[in-house]
Structures are given as C-alpha cells and as structure tokens.
Amino acid sequence: MKIFSSIRDKVWKFDQIEQNGTQFLYEKNDQIHYEFKSLGNNRFVFILNGHSHLVHIIKENSIYHIHLDGDYFAVRVENEQTRELRALVEHATQSSGERIVCAPIPGLITKIKVNEGDKIQHSEGLVILEAMKMENEIKSESGGIIKKILVKEGMPVDKDQELIVIG
Amino acid sequence: MKIFSSIRDKVWKFDQIEQNGTQFLYEKNDQIHYEFKSLGNNRFVFILNGHSHLVHIIKENSIYHIHLDGDYFAVRVENEQTRELRALVEHATQSSGERIVCAPIPGLITKIKVNEGDKIQHSEGLVILEAMKMENEIKSESGGIIKKILVKEGMPVDKDQELIVIG
Amino acid sequence: MFKKILIANRGEIALRIARTCRDLGIKTVAVFSDLDLKAPYVHFCDEAYSLQGKTSLDTYLRSDKIIDICKKSGAEAVHPGYGFLAENADFARNIVDNGISFVGPPPEAIELMGNKTAARKRMIKAGVPVVPGTETAIRSKKAASKIAESVGYPILVKAAAGGGGKGMRLVDKADDLDFSIEAAQREAGAAFGNSDVYIEKFLEKPRHIEFQILADTKGNIIHLGERECSIQRRHQKVIEESPSVLLDRELRSQMGEAAIKAAEACGYQNAGTIEFLVDKNRKYYFLEMNTRLQVEHPVTEMVTGLDIVKDQLLIASGQEMTLNKSVECFWGHAIECRIYAENPDNNFAPSPGIIHHIAPPSGPGIREDSGVTAGNEISLYYDPMISKLIAWAPTRNEAIERMVRALGEYELQGIHSTIPFLIKVLQHKRFIKGDFTTNFIAEEESLFRMNEKRGRVAALAAAIYFEQEKNKKKFQSNAENTSSNWKLSKRKKVLDRR
Amino acid sequence: MFKKILIANRGEIALRIARTCRDLGIKTVAVFSDLDLKAPYVHFCDEAYSLQGKTSLDTYLRSDKIIDICKKSGAEAVHPGYGFLAENADFARNIVDNGISFVGPPPEAIELMGNKTAARKRMIKAGVPVVPGTETAIRSKKAASKIAESVGYPILVKAAAGGGGKGMRLVDKADDLDFSIEAAQREAGAAFGNSDVYIEKFLEKPRHIEFQILADTKGNIIHLGERECSIQRRHQKVIEESPSVLLDRELRSQMGEAAIKAAEACGYQNAGTIEFLVDKNRKYYFLEMNTRLQVEHPVTEMVTGLDIVKDQLLIASGQEMTLNKSVECFWGHAIECRIYAENPDNNFAPSPGIIHHIAPPSGPGIREDSGVTAGNEISLYYDPMISKLIAWAPTRNEAIERMVRALGEYELQGIHSTIPFLIKVLQHKRFIKGDFTTNFIAEEESLFRMNEKRGRVAALAAAIYFEQEKNKKKFQSNAENTSSNWKLSKRKKVLDRR
C-alpha cells in the first residue's frame, strides 16, 4: 500500500509492504528502520536509524499536527483511495466556480471591506477580523465577483465559519 | 454533622450545618468563608477568607494527601460514625494482642534480624528493606514476641505487604 | 516598605511581580477576570479578588473596581505592570488621590511622554537628539512642505496623540504630501479625537535600541545600559538582547547620558525606558519614552544582576534604589524570546485554545517568565503572549546556542506558538552576525521556508501513526463484530508480532 | 573538539551533559535501561541505544555494553557523569585502551584518590593538611593505641578501601579501641575484600567545604572557589551553596592553594573536587577528592558564569580551558537544593511511583536541572534524586528567599518529595544566620515539626473535599436508581443551588 505525506506543496511517498505477516515501510526502495513508542499525552519516542526524536502528534481530520525538535508541521496523510477522492472533490468545487472564504481563526468581524456584486482582484482585502488585540485582514485568494456576504460587522465568528462566497 | 480532620496527633473539629438548603461550615461557632474550585488534575483553588491557596488533594482510602504552599500533610477525615467505628476496630486489634508489621515502601528484604519466638523491645530493628540504593531499617513499634515471619531474605515486597506478626 | 500591594494586571507580568513581592515579604493581592480564575498568578498571590467580567474593558481597565479592591484588601500600593492601565495618567492620579501609592512615575511624566509633540519639544529643549521634523502640529500646507523639503523625503506624517500606526502616513515625494496630511488628520481625528499631525524624517532601516532608566525620590538617576529590540514584526518586538552588538563603550556612554537627560527633563521617577532609533551612520534619535516596566526587562536583570521590580518597589516606598551609579559593564549576554500563541505558518494568526500539555525547558542559563500552566485557556480577549524565555551566557554566541536549545526543548500542545519561527530567526546567519535592522523579518523570506530534512521526519512520523491507527481500528472492529475465540486468538497473535 | 560523545549515565546528569553538548554542536549518544525509555534525556540526545536490562548491574555498570555502543555509534568520547562508573579506574582504562577519550581524569588519579590511606599519604607528602591519624593501615594494637592517644579521643576507625560508612567505627574511649578495630576489620573485609583499617581523629561538628578544581593538559590548574555542603543527612548532601559564609578572602586563598596542591600531587587533569572538613577553630583538613563532576557543580557555575561540563570537554579534547587563573571573586550567591523522592514525615523512606503531574518553578534567579517529566516512574532501582533546584541572587539572603519561593511553587504529584523539608531548613534561623555544621539536621528536631497554621488550612481543604465527594456520590446514586423526571429535576435544583 502507498502512503502519501504532504506538507505544503511537498509530497513524500512511502510504501507499506507486508512480508511474512510483518509490515515494513519503504521509501524509494530503501527500507526505513525505526522504533516508534507512545509516551502518553500524544507524545512519542521516534528513533529513526538510531536518531532519537521526541514527537508530538495531534490528529485533526486528515491533518496530523506534528511538533518535532522545536519545529512544527501540518502533515496531510493519505492512501491512494483518499488521495484520489480528494482530487475529485476539489475538481468539482473548482469547476462549480464558487469559492467560500472561511474564518482562519475565531474572532470579531470589525470591518467588511466589500459589497455583494463587487468585482475583486487576487489578494484584495475582504474582511477585518479582530482577535487578541490584533486586526487580521482576510484577503481573497483569487479574483472574482462577491456573490454573497454571510456575516455582518460586529459579529463574532468561529474558526472555519463561512464568511463570503466568491463566484 | 461533625467532621474530624486529623494530622498526626492534632485534630480539628468542624461542623457542617444546613440552613435553607445550603451547607455552611463552622469551626467553634465561627462560620468559615471560602471558595473551593477544581482546576483539574487533582488541583484546587482554595480561597479562605480572601487568602488564596493552590491545593493538591489526592485521596487514598480515608487519607487525604494534601500539598499546599510547598508543604505536605496526610489528613485523615472522618465523620462521627466512621470515627467511632475506627476506635472500636483499633481497640479490638489491640486487645487481641497481635500487631502486624507491614512494609512502609516497596523494596527488597536484604536482612531479617529476628527469629520466630524472639522477645523484642520497643524500637528494636526487625528487617532491613533496600530500595533506591539505600537500606531502611524497619523497627518494632512495641515490645513483644515474634509470632510469625512472613517473608524471607532476598524477597521483593510491595508497599503495605505484611512482614512480621508480633504477639 | 509596603506590607501589601495590589497587582493591577494578569498573566506572566502579574506572576513576575508577585514573585519579587514574595521574596521581599510583601503580601500580594491579585485581581482576575472570569477567564483567569485558573491562571497561576491568581493562586500564587496571597489574596485574589474577582473583577466580575470577561473583556478588558469590564475588568483590567476598570480603575473603579481596582480601587475598591485596594480598599477592601488594605493594599497600600498598586503595581500596574505593562499594558492595560500602566500608562494611563488618570488612573495613576486616581490611585494617588485615594491615598494609595502608585508603583510608577508621577502622573505628569506619564502625561507628558504620552503626548508625542509635547515630548519632542521637551527633548529638543533638553538637548536630546530627536528625529528631524516639526516641533509642533502642522498649521499650514506651506509650512509642512517647507519642513518636508528641509528634512528630505521620505518623511512620516504622524498623529500627535497617536500610537499603534494609526494616523500615520509614509510620504515618498512632494506630490503626495498634501493628500497624505489630510488622510492622516482624518484618521487621527477618528481614532484619538485629536486630528493634530506632525512631520518626521523617515529613517530607513534603523535599529531599535533602548536604555533602562531608574530614578528614585532622593534625586538619584541612573541607566542600566541598553537593550537592542530591532527584531520586530509589524512594530511588535520579538527578540530582545543586552548588550547590543552595535554599541561600543563610547556610544553607550553618550546614549546613556542622553537617556538620563531625557528622564530628568520630564521629572521622571521609578523605572522607565528611553527608546532610540539608530541609523546606519550610528546616529541616534529619541523615539519615545515608555513610562512603565518593559516586557523585555529580564535581559537587563540578567546582565546587571538587579531585580528591577524590587527597585520599583523600593523607589515607590520612598527608599533609595540598590545602585547609585549607572552600569558601565555587563555580566555576559542575555537574550529574550517572546513566545506568542500565533501560527507563523499562517501569517501569525492568533491561535486561541486550551493548553493540553506544557513542559518548559530549563538547565544552565535558562530563565522562564511564564503566566500559564496545563489546562489554561488562551482566549481571544487578551494579548497572545504566553511566555518569555530568557537565555544568559558569557558571550552572545553562547547565549544564542542556549536559547536555540531551550526553544527546541519547549513542549507545548493545544495551541500554535511562534517557537519554530524564533528558532529560524536565531539560526539565521544575519542574526548571528548581528547584521540586522527593524526590517529584518520583513526582508527575510527564508524565515518562512520549511526545513525539509525535519519535514521528512515529520512526514514519516505521521505516516507511521496513520498506519498504526488504521491497524488499531481494524482490531477494534474485529473485536466488536464477534467474540469467537478463533478471531481473538488471531488478533492476539498479530499484536504479539508487532 | 569531539563530534560525538556517549553519555554513560541517566537522569538529570545525562540531560545536563547533553544540554552542553547541544550548545557546543557535539552529537550525543544516550544509553538507557528498560525502565528509562521514557526519560527526557533519552529523547533529548541525538541517538539512543538500549542497554537491555533493569538493574544497574545489568545496565549502567556494564562497561562492555557501553564500549560496544561507542563503537557502533562512532562516539569519540565517554562522559561518565557521577555515580555508576564515574570513579571506576578500570572502566576509564578500558575506555582509553579502546581508543576512546574519557571525559575525566587519568585512571591513575582515580585509583590513587580511591584508596584512602594512599591518598592521605600523598597529601601529607604534598603538605596538604589531613585529619590527624595513622598514615598507613594499622598493623598492631599497640601502635593503634599510641596513635589514638596522641590524636586524642574520640577517634574514627575507617576502612582503607572504604566508603559509605561501611567498616567505620566511632571510638569514644581507650577501653573500646581493640574491640572496635576488630569489628571494623571484619566489616571492611566483608564489604571490600580488604580488611585494612586506619585511625583518624573524629572532628566534632565540622563544616564540609569543598573546592572545585580544573586542570587542563597544558599544565594549567586553577580553582573556582568553594562550595559549602554542611547541610547533610546521614552523610548525604542536601543543600549546597557558594560562597560559604565561613570563608573570608584569606582563608579562601589558603584553602584554594591547598586544593591545587592536592590536585597537582596526584597528576590530576579535568574537573575534580577537593573536600575539606573545617573545625570550629577554622582549621581545615583534607577529607577526600572526588575525581569527577559533582552533583552540586551548578552553584559554582552560577557564581562564576562558567559551564563546567564545557570545560571538561575542552580539557578532554586537549584544548585549553576557558579561564587561566583561579576565581578570586564571585558573582552573587547561589544555593542548590536536592529534591529526593523520599518522605520526610516517614524517616525519609523512599517514595517510588509515577509522577502524575509536575510543574517546576521558574522566574528570576531560578535554574532547574531535572531529569524527569510527567508520566515518568521513580523506580526502586536507582538513586531517588529527581531534580536539583538552583537559586541565584546578589546576596545570600536574597538567594534563600528566591529558593523558598521556588520550592513553594513546585508542583509534584504522585510521589513524596523532600520539598517541604527543604523549605523548613531554609527558613530555620540557624541556616539563615549561617550558624550550622554537618550535625545541623540531626540536632534540629524543629525541622520535623508540623506548621500548624498551614496544617489547619490543609485540614479544612480535606474536610471540604470530603463533603463535596459525599454529595457527589449522593447525586450519583439518586440518578442511578431511577430516571423519573421528578427525581432528575429535583437533582438539578440541588445542583443549581450549590
């Protein structure tokens, strides 16, 4: 079985191979030697070719939040089926022509900078979201027309709440 | 209802009084004003007459292990019934004339210093228990005759395991 | 000395102040909002009173509630920390009018230094170099244009009552001047109820260097040397250190004297900080004075051995401070990193949430000033700074190494933090060389690049975890579907083999 | 400098050494027993190898396994820490014979200083004052009696190959001498396979003061001043500090010179400690030399700014050490408390168990060298020391205050610890005055008295918890017995009322 781990645009491909009832992990035909043991509390000892790491792994949907040697990575892990499925879904969403802008963090909508019907450019500011004493401008990740505004100024929003539909 | 809290030989007596469906705590006719809230993980905020304390409470049978402002107390808490019951049981054990010496900590029995039938004095050494690189001598808390030795040299023992019966 | 004081603040700085009070035998009174009941400073203080509310406006900014609690608890003084009411002259006056001591400067000094044009004027009079520009608010377009020409473009148009970048405009050329002044005036009027603006030369790529000042009521006034705070993101300090690689003995002594002059000029007492900008020719200009304890005060404590909060309390109670002359040489080198609950991979978006697990680093040369513990929630209501990590060593390079080690040890679960970003800054060769300005973070794309070697280890760990989870599920569903002995024994075999 | 070293130890000291290696860019190899897989030092090191076993004899004392792992991992040097194989001359020789560097003294120095009579002889020859007594093992009863009379009773009969109080007898009067020598010889023979004993004058109520020595391979040899370690329980150090209140500049310089002479006399290299006893007339006597890093080295680091482990590595790799002259004056004052998993209320019985929750203190002046984290088990197999807390301040009194504050902040659940006892020692007026000897703990009954004021608060907290638990149970059983709406709504009402 193939396992795909991706961080941002970078993808690593691993092969899970069963031999005599034991699972082995390969990367480009090289077998990976490791020990992986839970310490409790989402903490793991991960000894990779003798190199010792303390890893924190917290799963959130298909994203694995990994803390490792002072660094942080959001890793998406998929097998062949889930990877193909996701590609299909993304294609379908894109071809429908609608994109939904969501709140990346919870906060308070302090300003809406566009109106329904406005034509907008890539990376144009849409909404100001205030949280922890700081203003965060949410920008458009594509050009288009503002189809619908789902929030109002002064409204508190949750993380991932839908804010604006761009067509 | 009366509550007795004791640490070593010192006993504090509190009165729990219900008034209009609410419970109040009194000590010698003075009402005790407090806030007591769990912080999780056996940790509590305890604000007593405005004085703030972080308290850890871990219960083990009828003993409450309390960490407070860098200090530690083993508190026995009883109401009138349990207190009377315990007095009865202790009296019965004492009059039967047998006392059982238990291991205060887990460890290895490295030496037994007495034989069955020996007459011993108060605070005479009975057994050497080794733990964490240190030898701990377990002493008799009363005089008497060694009735039975329940362990052997070289034997590992658990906490509270019975070692010797003194009659 | 005081017997009991109230700390009108929260988080790490409340705990920091309470620790010194504990050392001095002063009882402390904590105040807390509904969200802070579980915060360590509340339990560490000797007494704790609720401020009844959630938002800052309802709690830590309510001087009436704070004064009531002073009276109820018998606190003789108030330490305001930083932020909230710390630089509010009315609050300071209110405290003093109620017969309570204020652990900070006289209200007049707070007021003067809070008004940017008034402060500039006073500094010019005292002979402290300020950034070239207008001395007072702009009264005519013609005067503005003349000043702008004389200091040379680019210039900044700034709000007199301002702060936080509001009512500020960068002007590159004469054509844009009129328009920018009008825009800045509108913005300043809306933000501060005062539309006065003034002109300052825009210093390109300056360094931010500040001097710690202590002044007691006996007329002693000293400086404790500099802190360099050039590593900033959007005018927010990120890493501070003392000493600065830029300064030599001569420049330190010149700037230190200027800082003392500045503090004297406003009748300053207690601890304060004079901030300077230093241009590429090592010329320094007064930027502003912070009339309170700074977030970054620990680096000065590490290289001087002083406890600045202790000196604040000594001064406020009318005693002499610990030292009576300025610090001429330092004990080694200290660096502070501010750890924020922000996600550096997502444009530093705030990352509220509950801290599930926290294990801060320790060992040689490491100090932590933190305000949180496991189970605490980082809420959207307050500042996202959760901890300050300070590293000391005999030399700057060793201090950097210790800081990198300590950040790498820091375990924090449940929220994002700026730790990975801080490590990248500390390991950047320009940082190590000391070759940076306040533009450093904005200029260095490489700070946001992924470390692919570590990325691969993370990718592998995730893949292994994914695989183990799947196996676990498989066994669970087997076990749930049936309890025949055959299947169970098969399952056991597979488990044993792993 | 080495590129990779193996740390032949566990716990806090393994982590301590690994931290310095990380700072210096040296890769580290950890070795661990079956019980230590979850210990922080194992994850902090760059590589980790199992020693396959549980007991010390099967793991950390197995020089063959350790040398194998050196070869497998390519480690160029071994740091032995303290305890286990650190003072085993055969191990050091074995390491060197395998072409690996030993981060410690030459095997000959370990051997010489491990033999008490040989070390005494060498010291006498070098002009270092030793406790009056015999120079060699006792050969006749007559000679013994003569020596005993000349030094004056009480005397100690001690095993030449000894340690840990085995083969040691205190003799108060001449009548008991013969009997005691025979008993000591029997015990020494059984314990060490060598029945040689010798006589030393018994110093009543001495103070324990030791000097840190550094010697490199270039012929430089310096001392880093003293540590006072008089606060002991059954010859086990409990609290250490630097400087000592007893020493003035003159005595420090005399004892420092004697310490250097002692180290030179045995051809010493690397870090070592000369222990002295000081009697009530401030006369000092060589006690023994520890030919390794000491548990209490951090106090010297705090007051000198040095990293002693770094100097050990510099020296072992043939480089010059950081300083080239002895430390004449200190930066403030430092105190270390050893935190043991022992129950002071039960005669310091070991308290093995799992640490459920741990939150060490931090803030101004506090350093922790710890080897455990939440979830770790304190086992019966190893030393019960779990952490060292170090406080620094400009003066001794301030350092004591900071230490008391930090100990009070320390949260530790699941095992007993000596923290409550340490606080009582630090707050004792004799400790604060500096008026103590090695007998202090044995003499002071008051250290074991309950603080009744705090006891009452604990008694109340337990009573309240007891009450709340009972109510909780009541509700639970109500809910379990029935699910009629009436009962549930009644239960809700009661809950709301609380």
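A quick note: this is a predicted structure, and the numbers were derived from the prediction, not measured. Letters go in sequence order (proteins before strands), and every chain restarts at 1.
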*With no hydrogens and no angle check, do the side chains of Ser379(D) and Glu377(D) hold a donor and an acceptor under 3.5 Å apart?*
no
*Part of Ile47(A) lying under 4.5 Å from any heavy atom of chain D*: side chain
*Would you say the ring centroid of Tyr60(D) lies under 6.0 angstrom from that of Tyr382(D)?*
yes
*asked:* Between Thr82(A) and Asn79(A) (side chain of the first, backbone of the second, donor and acceptor by atom type, cut-off under 3.5 Å), is there such a pair?
replied: yes
*Contact part of Ser73(D) toward chain A, heavy-atom cut-off under 4.5 Å: side chain, backbone, both or neither?*
neither
*Quick one: closest heavy-atom pair of Ala8(D) and Ile66(D), and the distance?*
CB-CD1, 4.0 Å
*Highest number of heavy-atom pairs under 4.5 Å with chain D: which of Leu39(A), Leu48(A), Leu54(A), Asn49(A)?*
Leu39(A)
